[in-house]
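Read the structure below first, then the notes.
Residue numbering restarts at 1 for every chain, and letters A, B, ... go by the order of the sequence lines.
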Amino acid sequence: MQAVKYVRAASVDEASRLLQEGGEGARVLAGGTDVIVQARERTREIDLFVDIKQIAETMSIAYDAADGLSIGAAAPCHEIYGNETVRELYPSLVDSTSLIGGTAIQGRASLGGNLCNSSPAADGIPTLIVLEATVEIAGPNGRRSVAVEDFCTAPGRNVLESGEFVVSLKFPTPAAGSGARFLRFIPRNEMDIAVTNAATQVRIENGSVSWARVSIGAVAPIPLLVADAAAALVGQPLSDETIAAAAAASRAAASPIDDMRGSIRQRRHLAGVLTERTIRQAAERAAA
Amino acid sequence: MTTQTSHIVVNTTINGEPTVFLANERDSLLEALRDRIGLTGAKEGCNNGNCGACCVNLDGRIVNSCLVMAAEVEGSEVRTVEGLADGDQLSPLQNAFLEEAALQCGICTPGFLVAAEALLEQNPDPSEHEIRYWLAGNLCRCTGYDKIIRAVQLAAGQGQD
Amino acid sequence: MVTAQSEVASQYNVIGTRPIRHDGVDKVTGAAQYGADLQLPGMLYGRVLRSPHAHARIVSIDTSKAAALEGVKSVITNADFPRASDDVIDTGEGSAQLNWLLDNVIASDKALYKGHAIAAVAAVDHHIAEDAIELIEVEYELLPPVLDVRDAMLDTAPKLHDGLKTGEMDGSKSDGDSNTASHLRFAKGDMEAGFADADVVIEREFVTSMAHQGYIEPHNGTAYWRADGTLDVWTSTQGSFVVRDSVAPLVQLSPSQVKVTPMEIGGGFGGKIPVYLEPLAAILSRNTGRPVQLTMNREEVLLATGPTSGTYMRVKMGAKRDGTLTAGEVYLAFEAGAYPGSPVGAGAMCALAPYDIPNQVIDGYDVVVNKPKTAAYRAPGAPQAEFATEAVINELAEQLQIDPLELRLQNAAVEGASRADGFTYGVIGNVECMQAAQDSSHWNSELAGPNQGRGVAQGFWFNIGFESSAYAQVNGDGTVPLVLGSTDIGGTRASIAMQLAETLGISAEEVRPHVVDTNSVGYTQVTGGSRTTFAGGWAAYECAMDIRRQMAERAAQIWEVDAAEVEYGDDAVIRGPADDEGNERSFGFKELAGQLAASGGHIVGRADVNKTSSGPAFATHIVDVEVDPDTGKVDVLRYTAVQDAGTAIHPAYVEGQMQGGAAQGIGMALNEEYYYDESGDLKNASLLDYRMPTALDLPMIEPIIVEVPNPGHPYGVRGVGEVPIIPPAPAIQAAIADAVGLRMNELPISPRAILEATLPEEG
């Protein structure tokens with residue numbers, strides 16, 4: 001472990017101030033399941049942990065029909081998938097949060113952390129993208145919001161500026177007739193980083209897809225919103241042909257690398273397979 | 001390089017006992033438990049959250065204690081394998097592990113016990129799949145998991161036939 | 001669990017029952033002390049600097065900045081060790097040449113694999129030790145790495161070791177330097193005639209990746225070098241005497257100056273026989289006068305301990321149309337890692353061992369590459385060799401349209417059959433395992449859906465005997481503390497104590513087994529080779545017989561009769577001749593135990609055995625899988641493991657060995673691999689990316705214990721630990737072929753490998 005100091009922030013403003021004063025080496029400590037490993041293995045220079053879990057806003061999960069769902073950036077996965085509203089209205093968030101790590105990881109890991117770690121293979125981000133989440137950011141210059149698909153900029157990098165951190169994630173209330181699904185492919189059945197993952201949200205009105213979003217991960221430097229895949233679906237009834245076209249769009253959008261977790265061909269192929277599967281299963285949820 | 005290691009005082013409750021300990025600010029909860037407090041039941045298997053050998057219960061949830069900073073447990077309640085038995089009375093789960101021969105080398109056993117106990121607290125009648133899913137973050141290399149699953153089923157009152 | 005006693009066990013009182021293991025309570029309460037749990041007054045914490053390069057000459061090492069860091073007490077390199085000889089020491093499941101052993105512990109002139117130890121520090125806490133490592137400056141001259149066994153065997157390959165020649169079995173050596181350290185050949189019959197007799201000949205190539213034992217406890221070693229020149233070592237090891245005999249010559253002490261205390265051990269599977277940290281801790285302790293503890297982290301375990309060999313293999317087999325195997329030709333090239341000593345010899349002897357094939361040639365090559373020095377891993381060498389041969393057997397069965405178990409039964413080795421290496425079998429359970437598999441509900445069930453398939457495979461492993469000791473005293477209350485040198489990796493305190501209890505006629509609970517240090521018990525070979533319940537149990541039997549003799553003598557003395565007239569019955573009643581009034585005279589065990597102190601003193605039984613025999617083990621595994629053709633994922637749906645245990649002493653722990661071995665074999669078959677980039681960097685050195693099966697990846701593994709007692713053991717024990725890792729890979733390979741028609745001849749058969757084999761060129 002690097003020589004890291006630890007401090008608890010009592011408020012959003014204090015956290016922002018501590019992060020700004022701490023500079024490059026200061027990191028937010030939420031669930032810690034990524035940053036503690038990075039500090040220990042010295043893969044990232046960290047000399048200050050700012051623990052934000054004492055701040056109510058970063059830990060809360062709240063919903064109302066008008067404003068939608070708000071999930072505090074540090075709320076652990078188990079509280080997200082254990083939340084009745086989330087289970088009822090946002091089952092794709094359950095898909096993601098119950099796949100991140102094992103049970104003990106889910107006791108700590110947060111969606112905010114998953115987002116800020118900005119891994120191309122993050123199992124939370126494609127779901128956030130198809131759910132049209134916005135990222136609520138606090139910093140020295142106040143608050144701002146960013147669409148989640150614009151948040152990551154490169155592996156491990158994102159739009160946060162010095163002193164900024166993610167306070168919460170906001171989700172619109174799903175429209176009637178919509179359904180979303182997240183899937184990932186891993187070689188084992190648990191405890192792996194996604195070789196490829198995908199999420200889809202579709203809205204089906206009068207037998208036809210009126211709106212769709214498809215996102216794929218681990219096939220590019222950042223999780224991708226695949227507009228062409230959605231376009232292949234929208235305006236038509238869901239069919240084997242439209243689904244195949246969407247899958248082809250995902251394969252075309254993918255620009256994966258070869259590494260120990262997967263090959264280029266494998267990932268590109270899986271982007272199509274998972275796109276197809278998430279579309280079908282999202283449609284089932286839409287119909288339910 | 002900064003190597004000055006500052007120490008911190010942490011107030012916590014461990015296995016029901018109010019406990020104050022001095023830790024290096026760089027210590028994980030696992031290191032604090034083992035090196036500062038002398039509770040060596042939680043084991044280091046991977047030190048990055050992939051094996052579950054260091055599993056402890058933190059405020060009612062299981063966590064990998066290697067992925068918790070010692071400083072974070074200020075004001076918290078921690079339960080370790082050493083807290084499972086009531087004096088010399090083993091818990092039903094501990095007895096089930098012995099009866100089912102659910103351990104070979106025993107290094108993963110503390111983590112499995114802490115994790116399985118938390119499962120049974122929230123789901124007293126888990127299916128085989130639910131047990132396997134819950135325990136997927138705890139690696140065992142000796143048993144092939146069979147006897148561990150059966151022990152949890154036995155403790156849950158399912159396994160007796 | 002209520003389990004009926006087996007037919008074999010029904011003749012015994014203790015053997016075949018399932019008592020709670022003696023060390024169980026400590027292991028479910030966290031009280032058991034593993035190596036890293038040890039804390040000694042004034043103890044320092046060590047850390048090792050490791051090479052970032054796979055092959056490099058070490059030009060210079062500057063430790064001055066590290067040594068100057070506050071809290072650092074010593075920094076050492078290879079230069080701090082005395083020069084080691086090229087003597088070879090016995091390490092139980094192998095051997096070690098001392099200079100290579102030292103170079104592997106800490107590199108001298110070259111770093112030979114990524115993770116090779118370069119320097120070590122001791123500091124007042126482990127954070128400072130870690131910081132200090134970062135301050136050591138090493139200048140390397142990079143050399144081209146040799147990473148694949150086939151490349152390494154080329155004449156043009158860069159050589160790892162100056163002066164390494166290829167040794168032949170006749171003692172001759174190659175002229176030039178080579179990465180092939182040795183070549184061996186076992187042969188019998190006439191290959192030309194054998195293949196001429198065949199109606200079908202199949203020849204295939206196989207490749208397997210290095211794979212790690214994956215024990216959950218990282219290596220550790222604690223040493224305290226006293227001012228009087230005696231050295232105490234505490235470590236989690238499979239063999240405390242091997243540690244003593246490895247460390248002593250490396251630090252130039254005599255074995256009598258070194259005491260090794262085995263701590264509880266968190267898994268080993270063969271990988272915790274070699275020393276890595278103990279010699280470093282010893283020198284760091286000598287330099288500081290304080291106890292020093294070193295532990296590895298997981299990355300170090302994967303990078304720098306001893307996985308099993310990656311291999312390239314070729315198998316050619318011929319059979320007549322009726323299924324008679326006529327010839328088998330096997331070529332095995334095994335990666336030894338950085339120093340010679342792969343398990344290719346054992347692999348060669350196992351390759352065709354389950355079958356009686358008249359004409360055989362088996363060639364084996366031991367080849368050094370820029371990867372960690374391999375160590376024993378559960379039936380070392382056999383999982384690879386038998387993967388190749390069993391796969392060809394299964395393919396022959398398919399081509400001949402003969403049931404794969406029938407084909408095996410038709411050609412099975414039985415008593416009197418001999419292998420190409422010359423060994424002739426005694427009583428073995430090879431056929432009995434195959435028959436039990438045929439009779440199993442699994443084999444007689446139907447597969448349930450599309451893309452599902454079933455596979456079967458056989459496995460053979462030798463098992464070994466050698467030295468074990470057992471000392472036991474009789475307490476006044478009739479309990480019997482038993483002192484053992486075998487470290488208990490999976491219930492051997494219980495299995496040895498049960499054999500002592502059986503022999504004495506007392507209960508398992510009345511025996512109190514203890515694992516002690518190297519000064520407190522006779523020489524005991526490693527817990528490995530499936531030998532501990534076999535040889536340890538034999539020692540316990542003889543120890544108990546020694547007690548029986550002394551108890552009978554004591555009774556004779558009390559009764560004032562000739563000892564020859566007193567008999568110690570298997571019911572633990574000591575009977576003498578009737579007294580003058582014609583009354584029967586007898587003592588119960590406890591009754592006599594209570595009189596020992598007053599009648600001449602306590603009794604200690606002891607036995608030190610050295611058994612060169614063993615009981616060969618066979619296993620038959622059946623597996624059902626389902627393949628997802630879209631993703632290449634293989635799910636194991638159902639698994640049955642049949643195995644001849646000889647006599648199952650503690651059936652629950654026999655089952656545990658069968659299930660655990662099967663699980664490791666499944667891991668090796670499907671996902672576990674050492675994934676190197678072209679520079680020799682191991683890219684998956686974590687338990688996240690070195691993918692061992694989780695609880696969610698396996699079904700229940702149904703054990704079927706076959707008991708063909710070993711006539712070469714007082715209780716018929718064979719040894720059970722190793723053979724179950726052998727059949728899973730070929731069985732799974734066959735099941736995948738059955739499911740989707742794809743024969744994968746490389747391990748692991750990962751989803752990636754399946755997709756790469758099935759996707760059209762541009763997916």
Side-chain angles (χ1 to χ4, degrees), chain B residues 1 3 5 24 26-27 31 34-35 38-51 53 80-82 84-85 90 94-95 97-101 103-110 113 128-129 131-133 135-150 154 159 161, chain C residues 1 18 20-21 23-25 27-34 36-37 39 69-71 125-128 131 134-135 213-218 264-269 295 297-298 489-491 650 652-653 655-657 659-664 686-688 692-698 700-701:
Chain B
M1 175 184 307
T3 57
T5 45
N24 189 307
R26 296 154 84 172
D27 286 347
E31 289 163 337
R34 293 176 53 81
D35 301 344
L39 291 174
T40 57
K43 305 300 182 192
E44 178 187 320
C46 71
N47 222 14
N48 54 15
N50 292 307
C51 78
T80 70
V81 69
E82 287 92 342
L84 295 185
L90 297 182
Q94 288 171 312
N95 275 319
F97 267 59
L98 294 180
E99 280 171 38
E100 290 289 341
L103 56 140
Q104 285 177 33
C105 80
I107 196 87
C108 70
T109 309
L113 287 167
E128 182 190 332
H129 181 82
I131 297 170
R132 288 184 182 276
Y133 177 78
L135 297 176
N138 292 77
L139 293 177
C140 169
R141 191 62 160 172
C142 294
T143 64
Y145 303 104
D146 261 65
K147 293 181 187 299
I148 293 172
I149 307 301
R150 291 186 197 284
L154 176 65
D161 50 19
Chain C
M1 188 188 328
R18 300 172 180 236
I20 302 289
R21 61 192 285 172
D23 52 335
V25 168
K27 286 178 176 164
V28 298
T29 57
Q33 289 274 299
Y34 294 76
D37 300 338
Q39 291 177 349
L69 186 69
E70 190 181 337
D125 78 26
H126 66 90
H127 297 300
I128 294 173
D131 291 342
E134 307 257 305
L135 298 174
Q213 297 84 352
Y215 33 80
I216 304 301
E217 178 204 39
E264 294 300 337
I265 173 170
F269 314 107
T295 56
N297 63 29
R298 179 56 54 178
I489 248 179
H650 192 311
Y653 287 97
E655 291 164 3
Q657 290 294 325
Q659 292 161 335
Q664 284 186 317
S686 74
L687 292 184
L688 182 63
M692 310 197 299
T694 73
L696 204 54
D697 296 316
L698 297 172
M700 290 294 187
I701 294 164

How many angstroms lie between atom [atom1] of [X] and atom [atom2] of [Y], to the nearest 0.5 angstrom?
X      : Y      : atom1 : atom2 : answer
B/E44  : C/Y34  : CD    : OH    : 15.0 Å
B/I107 : C/D37  : CD1   : CG    : 6.5 Å
B/E100 : C/R18  : CD    : CZ    : 9.0 Å
C/E217 : B/C108 : CD    : SG    : 11.5 Å
C/Q213 : B/R141 : CD    : CZ    : 8.5 Å

Pairs of heavy atoms under 4.5 Å with chain C: top-ranked of [options]:
options                : result
B/E82, B/K43, B/H129   : B/K43
B/L113, B/T109, B/L103 : B/L103
B/G41, B/C46, B/A42    : B/C46

Kindly give the heavy-atom pair with the smallest separation between [X] and [Y], and that separation in Å.
X      : Y      : value
B/I149 : C/M700 : CG2-CE, 3.6 Å
B/G144 : C/L698 : O-CD1, 3.7 Å
B/C142 : C/F269 : SG-CZ, 3.7 Å
B/A101 : C/A652 : CB-CB, 3.7 Å
C/G266 : B/C105 : C-SG, 3.3 Å
B/Y133 : C/L696 : N-CD1, 3.7 Å

Between [X] and [Y], is any pair of side-chain heavy atoms under 4.5 Å apart?
X      : Y      : value
C/H127 : B/N24  : yes
C/M692 : B/L139 : yes
B/Q104 : C/Q657 : yes
C/T29  : B/V81  : no

Flag, side chain of [X] to backbone of [Y], donor-acceptor distance under 3.5 Å:
X      : Y      : result
B/R132 : C/D697 : no
B/Y145 : C/P693 : yes
B/R34  : C/A36  : yes

Given a strict heavy-atom distance threshold of 4.5 Å, which part of [X] is in contact with chain B: side chain, backbone, both, or neither?
X      : result
C/T295 : neither
C/I489 : backbone
C/Q39  : side chain
C/Q33  : side chain
C/L688 : both
C/A32  : backbone
C/H126 : side chain

Inspect the contact between C/D131 and B/R26 and indicate whether a charged nitrogen and a carboxylate oxygen are less than 4.0 angstrom apart. yes
Non-hydrogen atoms of chain C under 4.5 Å away: do they reach the side chain of [X], the backbone, both or neither?
X      : result
B/L98  : both
B/A136 : both
B/N95  : neither
B/N138 : neither
B/N48  : side chain

Specify which of C/G267, C/P218, C/G491, C/A662 makes the most heavy-atom pairs with chain B at under 4.5 Å.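 Looking at each of C/G267, C/P218, C/G491, C/A662 in turn, C/P218 comes out on top.
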